[in-house]
Amino acid sequence: MINLDRLVNVLGGYGARFVGPESLRESELRSVAVHDPTDDVPPPGDAFLAVGVGSAEEAVGLGGRARATVVLVRGDIEPDPEGLATLRERGIALVVVDPAVSWSQISGIVYGLVLEGRETESGRGPSDLFALADTIAAAVGGPVTIEDRASRVVAYSEAQGGTDRARRDTLVSRRVPRPLGERLERDGVFARLATVNGPLHVAALPEYGMGGRTAVPVRVGRELLGSLWVVSDDPLDADRVRALNEGAHTVGLHMLRARVSSDLERQVESESVIELLEGASDAVSVAGRIGLLSPELRVVALRTRAAEESDAAILHVFEHVTTGFGWSRPGRSTLFGTTVYTVLPCGEDPAPALAWVRGVLRGLPGRLEVVAGVGGAADAAGVPVSRQEADECLALWPGGGPGPVVYDHAWDAILLRRLRTAAEAGRLPARNPVVRLVRHDAEHGTEYARTLRAWLYAHGDLGVAAERLELHPNTVRYRMRRMRGVCDLGLDDPAARVAMTVALAALVDEA
């Protein structure tokens, strides 16, 4: 069950306009009805599809008789002032959809949102696309692959007759191999697919292990959703072209419905992950609701370092990590502010989380610089703590690096960062030997604080401390003697030595 605002937002991506009282946007939609001119009385439905209706006035009249909340019309229809008054009087909204979007596509969106949304919460996936690929393959006489706009495999036919190396590699990796994709890009194949309306024959590329192909774009209205590829050494004849075009149209409807269902699932998932990150009262139940049944979880934080269009960049990352249905992904994600958070099933060994992050980074465009932090292992109730650790790991990746920062490996640096934060907030004792040494260094140009830290880190070994400071041991001995004149260090007291080590780590930067 969704509200009208959600329906309007989804249809807005296909050129739809909302007309009517804004207060209706929060109305819940539970049913759908379609206008049938042979019916004397319109069927009741919260969302009424005014198929074949040529005026806003007639559509609103039918919607009122159907007790609809929203009436959907298609075409260049604009209500006049009297029509707008009627909308307000009857408490009905009008959604006008771009005429480039067919009624079958509109109905796919509306039915998918209003009636099928509940199914996606339990992980419903687009399995019917595989059966459809088999049907198209039988009609056109060759193996079929259905791909999205990024050349990722969405579904494929079971029949493998005439399969070549390129198809096998594509099915194994679930995407067109990079060298082949780059060649097709250079040859202008993808650019032509974006503009043509019918099938496009692509000649064989033996050096890439690819035989001949016939490709047809899959569109909804003016938007390209993907493409349909058939193994065919020669161009298809008229009958098979017709079958391929009809298949592409049907695939478009299925992909559209899958996208809508995926959007709904993404919304449910995102809200549940935010609950976990903020400390849900019944965290185990919330985690179970989105399929996170593992007793140990980790939070991964992803952030872009894009100087320009940073919002678009992080949205691209979020789209990438949430591609596919829940059952096909190990983690659950949300976009919270400028950070994408993913909760992954992962125990004490962070290796699976690292592998997941590297896989995400490999799948993103090279122009996107993404930094990642991996929090420590926690149960569902401990997700907020793992999230804080992931955020702190992000802060330790100031300029990029060879890989994600993991809490397990960086806990000491995180502890020191927390201590520095505490010191800056005035939470460390203001009167202590370290503060006096730091002040003396600033006033007299000495380096007593650094020398003391090196001595403490070396457990009092003058030789090791001197090597760390790149000084002669006698110089270190001299400084240690001189700093006793500045303040009482209490170096014979183990507790004082520990306290000074902590204070030095918080107050003095590493040289």
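Everything numeric here is computed off the predicted structure, so don't read it as measured data.
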Enquirer: Check whether any side-chain N or O of Asp461 sits under 3.5 Å from a backbone N or O of Val464 as a donor-acceptor pair, and report yes or no.
Expert: yes
Enquirer: Nearest 0.5 Å please: distance from the CG atom of Leu49 over to the OG atom of Ser107.
Expert: 6.5 Å
Enquirer: So, do Val406 and Cys393 sit near enough that their side-chain heavy atoms are less than 4.5 Å apart?
Expert: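 Sidechains of Cys393 and Val406: no contact.
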Enquirer: Are the side chains of Ile290 and Val273 in touch, meaning some heavy atoms are under 4.5 Å apart?
Expert: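 Ile290 vs Val273: side chains touch.
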Enquirer: Output the distance between atom CZ (Arg453) and atom CZ (Arg468), rounded to the nearest 0.5 Å.
Expert: 8.5 Å
Enquirer: If you measure from CG on Asp5 to CZ on Phe18, what distance do you get to the nearest 0.5 Å?
Expert: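 These two atoms lie 8.5 Å from each other.
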Enquirer: Under the criterion side-chain contact (heavy atoms from CB on, under 4.5 Å), which of Val176, Ile146, Val202 is the partner of Trp229?
Expert: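 Of the listed options, the one satisfying the test is Val202.
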Enquirer: Starting from the C-alpha separation in whole Å, work towards a yes-or-no answer on side-chain contact (heavy atoms from CB on, under 4.5 Å) for His316 and Leu364.
Expert: CA-CA 8 Å; His316 188 102; Leu364 290 169; 3.8 Å; yes
Enquirer: Any donor-acceptor pair under 3.5 Å linking the side chain of Ser157 with the backbone of Val144?
Expert: yes
Enquirer: Using a strict threshold of under 4.0 Å (side-chain N to carboxylate O), is an ion pair present between Arg298 and Glu389?
Expert: no
Enquirer: Between Leu72 and Leu11, is any pair of side-chain heavy atoms under 4.5 Å apart?
Expert: yes
Enquirer: Start with the C-alpha distance between Thr334 and Leu277, add both sets of side-chain angles, then the distance that settles side-chain contact (heavy atoms from CB on, under 4.5 Å), and finish with yes or no.
Expert: CA-CA 10 Å; Thr334 190; Leu277 295 175; 3.9 Å; yes
Enquirer: Of all residues at least two apart in sequence or in a different chain, which pass the side chain to side chain contact (heavy atoms under 4.5 Å, CB included) check with Ser27?
Expert: Leu24, Thr69
Enquirer: Check whether any side-chain N or O of Arg219 sits under 3.5 Å from a backbone N or O of Ala194 as a donor-acceptor pair, and report yes or no.
Expert: yes
Enquirer: Measuring from atom CG of Leu193 to atom CD of Glu147, what distance do you get when rounded to the nearest 0.5 angstrom?
Expert: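 One gets 9.5 Å once the value is rounded to the nearest 0.5 Å.
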Enquirer: What is the minimum heavy-atom distance between Tyr407 and Ile414, and which atoms define it?
Expert: CD1-CD1, 3.4 Å
Enquirer: With a 4.5 Å limit on heavy-atom distance, are the side chains of Val230 and Leu244 in contact?
Expert: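 Contact flag for Val230/Leu244 side chains = yes.
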Enquirer: Assess whether atom CZ of Arg178 is packed by more than 12 heavy atoms of other residues, nucleotides or ligands within 6.0 Å.
Expert: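 No, CZ of Arg178 has 12 or fewer neighbouring heavy atoms, counting only those of other groups under 6.0 Å.
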Enquirer: Report yes if the side chains of Ile109 and Val10 come closer than 4.5 Å at any heavy-atom pair, otherwise no.
Expert: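 Side-chain contact under 4.5 Å: yes.
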Enquirer: So which heavy atom on Ser272 is nearest to which on Val286, and how close?
Expert: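 Looks like O-CG1, 3.5 Å.
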Enquirer: Specify the closest pair of heavy atoms between Gly247 and Leu228, including all atoms of both residues, with the distance to one decimal.
Expert: C-CD2, 4.3 Å
Enquirer: Which heavy atom in Asp408 sits nearest to a heavy atom in Gly375, and how many Å separate them?
Expert: OD1-O, 4.5 Å
Enquirer: Is there side-chain contact between Thr170 and Tyr156, with heavy atoms separated by less than 4.5 Å?
Expert: no
Enquirer: Would you mind telling me which of Arg332, Arg289, Arg329 makes a side-chain hydrogen bond (donor to acceptor under 3.5 Å, both in side chains) with Glu269?
Expert: Arg329
Enquirer: Pair Glu392, Arg418 - check side-chain contact (heavy atoms from CB on, under 4.5 Å), show working.
Expert: CA-CA 9 Å; Glu392 290 174 312; Arg418 290 179 183 176; 2.8 Å; yes
Enquirer: For a quick test of reading the model, state the closest non-hydrogen atom pair linking Pro199 to Thr214 and the distance between them.
Expert: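 Nearest heavy atoms, Pro199 then Thr214: CB-CG2, 3.7 Å.
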Enquirer: Answer yes or no: is there a side-chain heavy-atom contact under 4.5 Å between Glu278 and Phe336?
Expert: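 They are in contact (side-chain heavy atoms under 4.5 Å apart), so the answer is yes.
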Enquirer: With rounding to the nearest 0.5 angstrom, report the CG to OH distance, Leu180 to Tyr208.
Expert: 8.0 Å
Enquirer: Could you walk me through whether Val216 and Asn245 pass side-chain contact (heavy atoms from CB on, under 4.5 Å), step by step?
Expert: CA-CA 7 Å; Val216 63; Asn245 283 330; 3.7 Å; yes
Enquirer: Check the side chains of Arg213 and Ser232 for a donor-acceptor pair under 3.5 angstrom, ignoring hydrogens and angles.
Expert: no
Enquirer: Answer yes or no: is there a side-chain heavy-atom contact under 4.5 Å between Leu344 and Leu297?
Expert: no
Enquirer: Tell me whether Glu182 at atom CD has more than 12 heavy atoms from other residues, nucleotides or ligands lying less than 6.0 Å away.
Expert: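 Yes, the 6.0 Å shell around CD holds more than 12 heavy atoms from other groups.
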Enquirer: Taking atom types as modelled, find out whether Thr339 and Arg303 have a side-chain donor-acceptor pair closer than 3.5 angstrom.
Expert: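 Yes - a donor-acceptor pair under 3.5 Å links their side chains.
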Enquirer: Which distance, rounded to the nearest 0.5 Å, do you find between the CZ of Arg167 and the OG1 of Thr145?
Expert: 4.0 Å
Enquirer: Do Arg387 and Tyr341 form a cation-pi contact, if we require the NZ or CZ to be under 6.0 Å from the six-membered ring centre and within 45 degrees of the ring's axis?
Expert: yes
Enquirer: Taking salt bridge (Lys or Arg N to Asp or Glu O under 4.0 Å) as the definition, give me every residue that meets it alongside Arg183, ordered by chain and number, with sequence neighbours left out.
Expert: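 Result, salt bridge (Lys or Arg N to Asp or Glu O under 4.0 Å) vs Arg183: Asp187, Glu207.
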Enquirer: With sequence neighbours excluded, tell me which residues meet side chain to side chain donor-acceptor pair (under 3.5 Å) with Glu22.
Expert: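 Glu22: side chain to side chain donor-acceptor pair (under 3.5 Å) contacts with Arg25.
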Enquirer: Where is the tightest heavy-atom contact between Pro330 and Leu292, given as atom of each residue plus distance?
Expert: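 Looks like O-CD2, 4.3 Å.
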Enquirer: Does any N or O in the side chain of Asp134 come within less than 3.5 Å of the main-chain N or O of Glu158, such that one atom is a donor and the other an acceptor?
Expert: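 Pair found, side chain donor or acceptor close to backbone of Glu158.
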Enquirer: Under a 3.5 Å distance rule, please check whether Asp46 uses its side chain to pair with a backbone N or O of Ala68 as donor and acceptor.
Expert: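 Between the backbone of Ala68 and the side chain of Asp46 there is no qualifying donor-acceptor contact (under 3.5 Å).
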